[in-house]
Amino acid sequence: MARGEALSAYRALLRATRKTFAGDSLMLTGSAAEVRQKFEDNRQVTSEAEIRRLLDEAREASHFIANMIVQAKLNSRGGYQVKPDKEHAGATLEIPSEDILKPV
């Protein structure tokens, strides 16, 4: 039961990060590594209640990444453009500081 659910939650998180961070190899690599590490850190958990809690957290994280995060893209004028999709309806816009947005 839990193994199949854990694998499903893991794959859902990876799908959410691939979609959200498409075209951003740094974020794709970093997010995939973090997802993997979180699952590895909890591999030995045997308590049914704790497993449920962790799976719920994974599902919530997947939903948050897919529906609440939109990456700004650098446009040809040197500014950043945000194009939310229909699944982002209801999300609030949080504008990061200019220091964070400066291209590397």
Straight-line distance of R18 CZ to L13 CG, nearest 0.5 Å: 10.5 Å
Those residues that, when tested against S47, pass side chain to side chain contact (heavy atoms under 4.5 Å, CB included) (two or more places apart): A49, E50
Salt-bridge present (D56, R59; N to O < 4.0 Å): yes
Rounded distance [0.5 Å steps], CD in E60 versus CE in M68: 12.0 Å
Shortest non-hydrogen contact from S62 toward A16: O-CB, 3.7 Å
Residue pairs passing the salt bridge (Lys or Arg N to Asp or Glu O under 4.0 Å) test where at least one lies in residues 35-47, sequence neighbours excluded: R36-E40, E40-R43
ring-ring contact (aromatic ring centres under 6.0 Å, His included) against F64, all qualifying residues, sequence neighbours excluded: none
For A9 against L55, the heavy-atom pair lying closest together: CB-CD2, 4.1 Å
What pairs of donor and acceptor atoms, side-chain ones from residues 22-34 against any protein atom, are under 3.5 angstrom apart with sequence neighbours left out?
{"unit_1": "D24", "atom_1": "OD1", "unit_2": "L26", "atom_2": "N", "d": "3.4"}
{"unit_1": "D24", "atom_1": "OD1", "unit_2": "M27", "atom_2": "N", "d": "3.2"}
{"unit_1": "D24", "atom_1": "OD2", "unit_2": "Q71", "atom_2": "NE2", "d": "2.7"}
{"unit_1": "T29", "atom_1": "OG1", "unit_2": "S25", "atom_2": "O", "d": "2.8"}
{"unit_1": "S31", "atom_1": "OG", "unit_2": "M27", "atom_2": "O", "d": "2.7"}
{"unit_1": "S31", "atom_1": "OG", "unit_2": "L28", "atom_2": "O", "d": "3.2"}

Interatomic spacing from NE2 in H63 to CD1 in I65 - rounded to 0.5 Å: 11.5 Å
Qualifying ring pair (Phe, Tyr, Trp, His ring centres under 6.0 Å) pairs with a residue from residues 27-54, counting only residues at least two apart or across chains: Y10-F39
Interatomic spacing from CG in N42 to CG in L54 - rounded to 0.5 Å: 4.5 Å
Listed partners of F21 passing ring-ring contact (aromatic ring centres under 6.0 Å, His included), at least two apart: none
